[in-house]
Amino acid sequence: MSEIHITLPDGSVRQYPKGVTAHEIALSISEGLARNIIAAKVNGMVIETGRAITEDSHVSLLKWDDKEGKSTFWHSSAHLLAEALEALYPGVKFGIGPAIDSGFYYDIDFGDYKFTSEDFAKLEAKMLELAKQENAYTRKQVSKAEALEYFTQKGDPYKIELINELNDGEITFYHQGNFTDLCRGPHLPHTGYIKAVKILSLAGAYWRGDEKNKQLTRIYGITFPKKSELDAHMQMLEEAKKRDHRLLGKELEIFAFDDDVGPGLPLWLPKGAAIIELLEAFAKKTEKEAGYMRVKSPHIAKESMYIKSGHLPYYADSMFPPMELDGINYYLKAMNCPHHHKIFAATPKSHRDLPVRYAEYGTCYRYEQSGELFGLMRVRSLQMNDAHIYCTKAQFESEFKAVNALYLKYFKVFGIDKYVMRFSKHDPKKLGQKYINSPELWKETEEMVRNVLIKSGIPYIEVEDEAAFYGPKIDIQIWSAIGREFTLATNQVDFAQAERFDLYFINEKSEKERPLILHRAPLSTHERFIGFLLEHYAGKFPLWLNPEQVMILPISEKYQEYSEKVLNILKNHDIRALIDDRSEKTGKKIRDAELKRVPLMLILGEKEQSDNTVTVRKQGGEDLGSMTVEAFAAYVNSEIEKQLN
RNA sequence: GCCGUUGUAGCUCAGGGGUAGAGCACUUCCUUGGUAAGGAAGAGGUCAAGGGUUCAAAUCCCUUCAAUGGCUCCA
């Protein structure tokens, strides 16, 4: 029998007989490891622990803690879910059932049966019962004809549709217990690994994601190798729910919606408006330092402008319907770009003027579909941290880089570290439809963007077919507390609109030349950004951004006058403070200030009044002791200084 | 927009074919207190809106609106 060489992740090379399995390799290291491995990555491909390895390979043994280990675990769990469903509801039809970031789902056609959350317990019990049987997941290569025959006999039209798109020779079935599924694998050794099961939710999902297709029932679930891990996960979900910006926004009186105002049209309450103004002041200062000029534009414009800009054919559906005045259609603006381009065109430009950077917190209106609205994250009226930069090709790189630097500066101030930078490119097949038909410019600008990204060393991912119609872009992706993904900020290249708006500058040779345009919105919209920050800070806005920085708590009414004196001094130092003058005990006032997430509390009683001091309690309980009001004001301002730099 | 779920006081929720309930919040009074809930009283609701069934509807049915979990979408 011939031997093969197996290279492990630590670089060590071991010899095994040809046909060795990952399980046997693990066993040769330790029994404990053999018990814990879920799958194996062999030369980059994840396979079962029981599959024969027939050539020299790089092997890493995947455990639950590995991302691919989890995904294998959950993929197998989806099959277990399917087996349980088939046992409980014979005749159901199966769509697809993949693993996702946390857990898995399976799309099911229940026919006439109406599956509801009341069925969850029964389903979980059945899954656990089947899991205990420790049924092995077995892999079988089948011919296309065999595969079609099996599912035709079973009467599963969705699987047949999938098989028809596969090539003969690369079709495999996986089987466990009484269930067989079309599947690429890999899977767990047996169902016994699954010790804890939770069915999470139910949703409609179009077959193959196409809204023209039938809607199937999607069942989301999650499983774990230990019950304790499931409990921890459920607790984590509970905690995440408490951070949901929709709850916090109501609780902290930041924003509200009203039926008479309309869906997706947030009302900013005084505290929310205060945060907006603080953010704006910060952005304006930063942008001024970065050489931006502020402009202002109206909220509506004539149809002709959106025809010219090219937006209308692409986005008419997501704009509010036009209003007609004197036979002319006017639209609420859904983007600020065209207005800014008109501002650029309003005065002649020389190459000496470039780059020109126009910034505006512009209010836009987008008619998002009703089902897409989501708290502050998807709304119909939005105030965008917008700016457009008009530059020469030679200036592009430094401008693009400067914009990226601005992002990173902001992210540092806000402590944003969990994000993905996504470089969105066009799809050459869709030129002239989804994208402006200028193949050369696409190539050129995408290359420029990639170069800047590489040179600045920022980690990023590239995705096809996600660009704006006028050029490639970089999006910053973030996740809401409940795990939904959003684009927070965007930085886009535009080589199309200068042409459409006949924008030009006079170059050194006295010729007209088109500028390149950058669109950027690092602080997103007020709506999405504050929604994000509510969750990011769990409602505890940092001192500089908190609408209520200090709560003054007189121990009794006797100290009301002294409290007002302190309040006035703080006001003179531009510190935002309030007095809680209710006739409640200090413990109660502290509790309420904590619930309002006020960062600093001043406790004023006999001692403070006679010494002319304040006693400082930080949010969360830290005691900073007593100090003069002046010293406290200096402390607040130095903290703010630290937070902003 | 599509499928599912939900809608009762400012908030969180209970109830449920026979005239509406709790806790917190709010108002007033008592209390004047030192680091996460002092006490009492009071006020507050066309039970989302419209229609239907019924002697009687907040409750059952239908429609609409809104929220919500997903899907699709996201300049």
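Throughout, a chain's letter reflects where its sequence line sits, starting with A, and its residues are numbered from 1.
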A/Y158 versus A/D109, side-chain donor and acceptor atoms under 3.5 Å:
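Yes, because at least one side-chain N or O of A/D109 sits under 3.5 Å from a partner of the opposite role on A/Y158.
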
Taking the six-membered ring for Trp, are A/Y390 and A/F344 parallel (under 30°), tilted (30 to 60°) or perpendicular (over 60°)?
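Aromatic pair A/Y390/A/F344 classed parallel.
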
According to the interplanar angle, ranging from 0 to 90°, do the rings of A/H536 and A/F532 count as parallel (below 30°), tilted (30 to 60°) or perpendicular (above 60°)?
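Parallel, since the angle between the ring planes stays under 30°.
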
With no angle test and no hydrogens, is the base of [N] tied to the side chain of [X] by a donor-acceptor pair under 3.5 Å?
X	N	answer
A/Y559	B/rG34	no
A/R378	B/rC73	yes
A/E608	B/rG34	yes
A/S583	B/rU31	yes
A/S370	B/rA66	no
A/Q215	B/rC2	yes

At under 4.0 Å between heavy atoms, what does [X] touch on the DNA or RNA strands: base, sugar-phosphate, or nothing?
X	answer
A/K607	base
A/T490	nothing
A/Q492	sugar-phosphate

Counting heavy atoms from C-beta on, name the nucleotide in [options] closest to the side chain of [X].
X	options	result
A/E372	B/rU72, B/rG34, B/rA36	B/rU72
A/K588	B/rG38, B/rC71, B/rC11	B/rG38
A/R617	B/rU35, B/rC26, B/rC71	B/rU35
A/Y206	B/rA75, B/rG34, B/rG1	B/rG1
A/Y470	B/rA75, B/rG38, B/rA67	B/rA75
A/R218	B/rA75, B/rC26, B/rC71	B/rC71

Exercise answer: donor-acceptor pairs, residues 373-387 of chain A side-chain atoms, under 3.5 Å, sequence neighbours excluded:
{"from": "A/R378", "atom 1": "NH2", "to": "A/E368", "atom 2": "OE1", "distance (Å)": "2.9"}
{"from": "A/R378", "atom 1": "NH2", "to": "A/E372", "atom 2": "OE1", "distance (Å)": "3.3"}
{"from": "A/R380", "atom 1": "NE", "to": "A/E368", "atom 2": "O", "distance (Å)": "2.9"}
{"from": "A/R380", "atom 1": "NH2", "to": "A/E368", "atom 2": "O", "distance (Å)": "2.7"}
{"from": "A/Q383", "atom 1": "NE2", "to": "A/E527", "atom 2": "OE2", "distance (Å)": "3.1"}
{"from": "A/N385", "atom 1": "OD1", "to": "A/L523", "atom 2": "N", "distance (Å)": "2.8"}
{"from": "A/N385", "atom 1": "ND2", "to": "A/E287", "atom 2": "OE2", "distance (Å)": "2.9"}
{"from": "A/D386", "atom 1": "OD2", "to": "A/N336", "atom 2": "ND2", "distance (Å)": "2.8"}

Residue mapping more 5' on RNA chain B - nearest nucleotide basis, A/D259 or A/G371
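Looking at RNA chain B, the more 5' nearest nucleotide goes with A/G371.
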
Sidechain N-carboxylate O distance under 4.0 Å for [X], [Y]:
X	Y	value
A/K242	A/E239	yes
A/K425	A/E462	yes
A/E251	A/R597	yes

Check whether any side-chain N or O of A/Y220 sits under 4.0 Å from OP1 or OP2 of B/rC71, and answer yes or no.
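The answer is yes; a side-chain N or O of A/Y220 sits under 4.0 Å from OP1 or OP2.
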
Considering just the side-chain nitrogens and oxygens of A/R366, establish if one lies under 4.0 Å of OP1 or OP2 belonging to B/rC74.
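Checking A/R366 against B/rC74: no side-chain N or O falls below 4.0 Å of OP1 or OP2.
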
Value in whole Å for how far the [atom2] atom of [N] lies from [atom1] of [X]:
X	N	atom1	atom2	answer
A/L252	B/rU12	CG	P	14 Å
A/I555	B/rU31	CD1	P	19 Å
A/E557	B/rC29	CD	P	10 Å
A/R528	B/rA75	CZ	C1'	12 Å
A/L553	B/rG33	CG	P	16 Å

Which value, rounded to the nearest 0.5 Å, describes the distance between A/R243 atom CZ and A/K540 atom NZ?
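Rounded to the nearest 0.5 Å, the CZ-NZ separation comes to 8.5 Å.
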
Note every stem involving RNA chain B: at least three consecutive Watson-Crick or G-U wobble pairs, i with j then i+1 with j-1, with both distances under 3.5 Å.
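If one scans RNA chain B for consecutive Watson-Crick or G-U pairs, the stems found are B:1-7 with B:65-71, B:10-13 with B:21-24, B:26-30 with B:38-42, B:48-52 with B:60-64.
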
